[in-house]
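Quick one: this structure, given as structure tokens, is what I'll be asking you about.
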Amino acid sequence: MYISIFKAAVKNDMQKYKAAMKTMGPAKVEVPSPKEFLKKHSKEKTLPPKKKFEWNEPRKPAVPLRTEHPVMGIQSGKNFINTNAADVIMGVAKKPKPVYVDKRTGDKHDLETSGLLPKYINKKDYGVTPKYICMRNEEVRRAQEEYDRYIQENLKKAAMKRLSDEEREAILQGLKKNWEEVHKEFQSFSVFIDSIPKKVRKQKLEEQMKQLEHDIGVIEKHKIIYIANKQ
């Protein structure tokens, strides 16, 4: 039977720590001295020293005396009736606030904040392209011009030629015409393929139609086409 060599050490450690916790709390506690008892007012906070109060803010004027009387008998020569009448006649009439009524009971609401007035279409810059978009379009245009210039230089070095729109359209119409002719011949072909020459002919027509469809799709997809110059 196997017996660990640490059995005795583990047993001693368990006994030592177990004996240390037999009492409530730590084994050794310092007993308070009877001379250090709680004294009266020992827990109260000490107040700061007293300071002399000084009034630094300006004081209000003193109350008038009983013997003081206000100045009496001051009259103005202004005719308030005529002045008010002139202000009303010369003044601009106040415009009524625009409102709208949405119920038969007469409930009024502010018309300007309702969204019913076409305020934005009356702005000076309504419908005008913003400046940042114009700047962006100009940058795109310059980048496209630089790219076209770079392509043209490379094409000149590589002896390439760009097809004009008329040439491209003529080639496209020619391919479509050839496809119609091949398709017409394919439609008039015999239904029964009972010989090898007929089978070979049918496969050849299908390949021609497939190639023509591919060429037509390539030309329609690409607006700009370059071809190599013949030496």
### Query
If you measure only the distance, is there a donor-acceptor pair under 3.5 Å linking the side chains of Q152 and D148?
no
### Message
Students often mix this up, so state it plainly: with edges at 30° and 60°, are the rings of Y147 and Y150 parallel, tilted or perpendicular?
### Response
tilted
### Query
What distance do H222 atom NE2 and R168 atom CZ have between them, rounded to the nearest 0.5 Å?
10.5 Å
### Task
Please list, chain by chain and in numerical order, all residues satisfying salt bridge (Lys or Arg N to Asp or Glu O under 4.0 Å) with E206, sequence neighbours excluded.
none
### Query
Can you tell which of L117, D107, L116 makes a side-chain contact (heavy atoms from CB on, under 4.5 Å) with Y100?
L116
### Message
Within this structure, what is the CD-CD1 distance for the pair Q211 and I216, rounded to the nearest 0.5 Å?
### Response
10.5 Å
### Query
Can you tell me how far CD1 of I219 sits from CD1 of I171, rounded to the nearest 0.5 angstrom?
6.0 Å
### Task
With rounding to the nearest 0.5 Å, note down the distance linking CZ in R136 to OG1 in T129.
12.5 Å
### Message
How close do H69 and R66 get, counting heavy atoms only, and between which atoms?
### Response
CE1-O, 4.1 Å
#### Entry: Test item: side-chain donor near acceptor, Q173 and E169, under 3.5 Å
yes
#### Entry: More than 12 heavy atoms from other groups under 6.0 Å of CD on E145
yes
#### Entry: Exceeds 12 heavy-atom contacts within 6.0 angstrom, atom CD1 of I196
no
### Query
Could you state the interatomic distance from CD (E185) to CE (M209), rounded to the nearest 0.5 Å?
10.5 Å
### Query
Roughly how far apart are K97 NZ and K108 NZ, rounded to 0.5 Å?
11.5 Å
### Query
Do K210 and E207 pass the side-chain contact (heavy atoms from CB on, under 4.5 Å) test, and can you show the C-alpha distance, the side-chain angles, and the key distance before you say yes or no?
CA-CA 5 Å; K210 187 175 181 181; E207 292 176 358; 5.6 Å; no
### Other residues, nucleotides, ligands: >12 heavy atoms within 6.0 Å of H214 NE2
no
### Query
Members other than I74 in its cluster, when Ile, Leu, Val, Met, Phe, Trp, Tyr link by side-chain heavy atoms under 4.5 Å?
V71
Tabulate below the donor-acceptor pairs under 3.5 Å that side-chain atoms of residues 47-63 make, not counting sequence neighbours, or state none.
from: W55; atom 1: NE1; to: E57; atom 2: O; distance (Å): 2.6

### Task
Answer yes or no: does atom CG of L65 have more than 12 heavy-atom neighbours from other residues, nucleotides or ligands under 6.0 Å?
yes
### Task
Indicate, with yes or no, if V182 and L172 share a hydrophobic cluster defined by side-chain heavy-atom contacts under 4.5 Å among Ile, Leu, Val, Met, Phe, Trp and Tyr.
yes
### Query
Any salt bridge between E180 and K176, counting N to O under 4.0 Å?
no
### Task
Grab the two heavy atoms, one from Y120 and one from Y126, that are nearest each other, plus how far apart they are.
O-CD1, 3.1 Å
